[in-house]
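Every heavy atom of this structure was used, including side-chain atoms; hydrogens, water molecules and symmetry mates were not.
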Amino acid sequence: EKNIIDSKHEEAEKELNTLLKSNSDNSFNTVIIYTYYVNMYCSLLQYDKALEFSNLSKEISDKTPDKLDDAYTNYSFTKIYLLNQVYDKTIKHANLTLQILKNYPKEYKLYADTYSLMTISHSRMGTYNDQYKIYAEQALKYSEKTNNPINMVASYSAVMYMYYNRYMK
């Protein structure tokens, strides 16, 4: 993840390829690795490649009884739709992710990331409402539980921007 954020995409791709080879017999880990490919290709604005990995993830998650992999798959689609400004599908897939996560209360990072994407969709639409505030607060709540500085900074930024939108309303 850090290599993707630092725009070290070649290094990130090598690491992901290595992880994919070593986890080829673990469908859940493969779905998570595909999610990181989606993140990488989205940061490169290569949405066709990101969609390819989301679809690969969906092929796997559709065949497994565990639904946590479905949450990661839906998160991948959420991100792609957000970056392509398809906000109705962004919210739809984010809500599907959150619905599944009700059975996995300790998936703090995925909760934080999903709520952050919902917050971003509202900020890009330029709307402020109570739901927007709830998304931002939930993103912050779960990012604090991750103890991940990257998540926490992103969530604090989202909350600040949400209050800015509220002020401008």
Would a 4.5 Å heavy-atom cut-off, applied to side chains only, mark Gln138 and Tyr135 as touching?
no

Establish, from distance only, whether the side-chain atoms of Ser57 and Ser76 form a donor-acceptor pair under 3.5 Å.
no

Would you say the side chain of Lys133 lies within less than 4.5 Å of the side chain of Tyr163, judging by non-hydrogen atoms?
yes

Indicate yes or no: at least one non-hydrogen side-chain atom of Lys79 is less than 4.5 angstrom from one of Asp113.
no

Kindly indicate whether the side chain of Leu44, heavy atoms from C-beta on, has any atom under 4.5 Å from the side chain of Met40.
yes

Taking the side chain as every heavy atom from C-beta outward, state whether Thr30 and Tyr34 have any pair of such atoms under 4.5 Å apart.
yes

Treating Thr97 as the side-chain partner and Tyr75 as the backbone partner, does any N or O pair qualify as donor plus acceptor under 3.5 Å?
yes

In the structure I gave you, are the side-chain heavy atoms of Met118 and Leu98 within less than 4.5 Å of one another anywhere?
yes

Asp62: partners by salt bridge (Lys or Arg N to Asp or Glu O under 4.0 Å), with sequence neighbours left out
Lys58

When you compare the side chain of Lys67 with that of Tyr104, does any pair of heavy atoms fall below 4.5 Å?
yes

With a 6.0 Å cut-off (strictly less than), is the heavy-atom count around CE of Met125, excluding the residue itself, greater than 12?
yes

Roughly how far, to the nearest 0.5 Å, is the OH atom of Tyr115 from the CD1 atom of Ile134?
9.0 Å

So, for Tyr111 and Tyr108, is the gap between ring centers shorter than 6.0 Å?
no

Lys92: salt bridge (Lys or Arg N to Asp or Glu O under 4.0 Å) partners, not counting sequence neighbours
none

Measuring only between side-chain heavy atoms, which start at C-beta, is Phe77 closer than 4.5 Å to Thr90?
no

